[in-house]
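The residues of the chain are indexed from 1 along the displayed sequence. Everything quoted here is computed from the prediction, not taken from an experiment. Side chains included, hydrogens not; waters and symmetry mates left out as well; all remaining heavy atoms used.
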Amino acid sequence: MTSNSGSTALRDARRIVVKVGSSLVTNEGRGLDEAAIGEWCRQLAVLVQGGREVVMVSSGAIAEGMKRLGWRTRPHEVHELQAAAAVGQMGLAQMYETKLRENQIGSAQVLLTHADLADRERYLNARSTLVTLLGLGVVPVINENDTVVNDEIKFGDNDTLGALVANLVEADALVILTDQKGLYTADPRKDPDAKFVHEAAAGDPALEAMAGGAGSSLGRGGMITKILAAKRAAGSGASTVIAWGREPDALLRLVHGESIGTLLVAQTAKHQARKRWMADHLQLRGAVTVDAGAAAKVRAEGKSLLPIGMTGVSGEFSRGDVIAVRDADGVELARGLANYSSVEARLLCRKPSAEFERLLGYVAEPEMVHRDNMVLMRG
């Protein structure tokens, strides 16, 4: 890996997910750090005003709730953790909204659960919402919806959530801001020979061996969750930087190509990863047949597939399933993610988008398969 690849990973990134941990957001549990959040929001605003799209994944709701409720130790009962999250989320969202507004940038609160990202239809709905917000120049501030999850709430899990969001919005890069400078070959507090890792390949098994345990009383998982998050983000082609959250102008310096923290480089380009996943999909739920005009637009021009060009639907599939696009002779031209179920698709065949609401009662997307969610099949 060359230094040039490292410098361009963030410099060329147009869509970036930034994740910041509880200890930074709440100043080690002493309450929301207004100055620190203000600094991150100032940098986010500069990025957005410069034409980049940014999503913020922020921990801190439970820690802030504990502070507001006067709790000094983390409770063990799930309902108490959920109560703390509900109280703290109010202050967390208000702080980001205030600080971003001071920099003339709009914000939106988005609470997600892992179930939202596991269910394909909810996944697509969440993606559509976030992409729309980004297109409007708004910064979505995301946290796990800790008030409704059934599993025990775990501090530090937002590292994983950050990676899932990077996959969700097809980000070019994930930046994890933490209370550590980055990754070392061993714990520098215990091993004087520990060396700082400036750059490595995301997913390298050796990285997991290097990562230590939890380093903060507020966050669980420590560096290992960040290494695994980088591995997950790399699956959709996003490189990850793990850096100290109080490094001056860290985000701005990163996008200017400066080497800060540890860069874990994705080994597969973003679009290649997504296209390969669709091309290798073995269990297609169904297919749509298209007329000659639609076939030409899809095959020769790389256009999205509109329902008006569809002549038939086979199989039973749901919104978000991978389906085949076939010509009148049954030749598979492409495959991609369906924006409508098979039941809905049958109603939309040969229909213009102006009629979707009358037929379905709503409009999800004007396309049956968007070109960004489609891969052409060769041969």
Are Gln109 and Val141 close enough that some pair of their side-chain heavy atoms sits under 4.5 Å apart?
->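 Result no, sub-4.5 Å side-chain heavy-atom pair not found.
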Report the C-alpha distance between Lys297 and Asp291 in whole Å, list the side-chain angles of each, state the deciding distance to 0.1 Å, and finish with yes or no for salt bridge (charged side-chain N to carboxylate O under 4.0 Å, His left out).
-> CA-CA 10 Å; Lys297 287 185 178 296; Asp291 60 26; over 6 Å; no
Verify same cluster id: Leu136, Val169 (apolar side-chain graph, 4.5 Å) = yes
Give the ring-plane orientation class for Tyr340 versus Tyr362, where under 30° counts as parallel, over 60° as perpendicular and anything between as tilted.
->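 If you compare the ring of Tyr340 with that of Tyr362, the planes turn out tilted.
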Leu10 side chain near Leu251 side chain, heavy-atom distance below 4.5 Å = no
Okay, side chain of Glu365, backbone of Val363: is any donor-acceptor separation there less than 3.5 Å?
-> no
What do you reckon, is CD of Glu247 surrounded by more than 12 foreign heavy atoms closer than 6.0 Å?
->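 Enclosed: over 12 neighbouring heavy atoms sit under 6.0 Å from CD of Glu247.
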Donor-acceptor pair, side chain of Gln43 and main chain of Ala250, under 3.5 angstrom |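 Pair found, side chain donor or acceptor close to backbone of Ala250.
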Ala328 backbone acceptor or donor facing Thr289 side chain under 3.5 Å = no
Are side-chain heavy atoms of Asp249 and Arg42 found at a separation under 4.5 Å?
-> yes
Backbone N or O of Val139 within a donor-acceptor pair of the Tyr96 side chain at under 3.5 Å?
-> no
Are the charged groups of Glu64 and Lys67 less than 4.0 angstrom apart, N to O?
->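 Looking at Lys67 together with Glu64, the answer is no, because their closest N to O distance does not fall below 4.0 Å.
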Look at Lys99 together with Glu34 and state whether they make a salt bridge at an N to O cut-off of under 4.0 Å.
->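 Glu34 and Lys99: salt-bridged.
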Please check if the side chain of Asn339 supplies one atom and the backbone of Glu367 the other of a donor-acceptor pair under 3.5 Å.
-> yes
Quick one: closest heavy-atom pair of Asn103 and Ala45, and the distance?
->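 Closest pair (atom of Asn103, atom of Ala45, distance): CB-CB, 3.5 Å.
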Quick one: does Glu332's side chain have a donor or acceptor within less than 3.5 Å of a partner on Ala324's backbone?
->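 Side chain of Glu332 to backbone of Ala324: no pair is present.
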Do the side chain of Arg52 and the main chain of Ala13 share a donor and acceptor less than 3.5 angstrom apart?
-> yes
Under a 4.5 Å cut-off applied to non-hydrogen side-chain atoms, are Leu348 and Val313 in contact?
->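 A side-chain contact under 4.5 Å is absent here.
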Check for a donor-acceptor pair, side chain of Asp329 on one end and backbone N or O of Val331 on the other, with a separation under 3.5 Å.
-> no
Taking all non-hydrogen atoms of both residues into account, name the closest pair between Ala234 and Ala202 and its distance.
-> CB-CB, 3.7 Å
Indicate yes or no: at least one non-hydrogen side-chain atom of Arg232 is less than 4.5 angstrom from one of Leu228.
-> no
Hey, is Glu170 close enough to Arg14 for a salt bridge, meaning N to O under 4.0 Å?
-> no
Take Leu92 and Gln89, measure what side-chain contact (heavy atoms from CB on, under 4.5 Å) needs, and give me the verdict at the end.
-> CA-CA 5 Å; Leu92 188 67; Gln89 193 64 51; 4.0 Å; yes
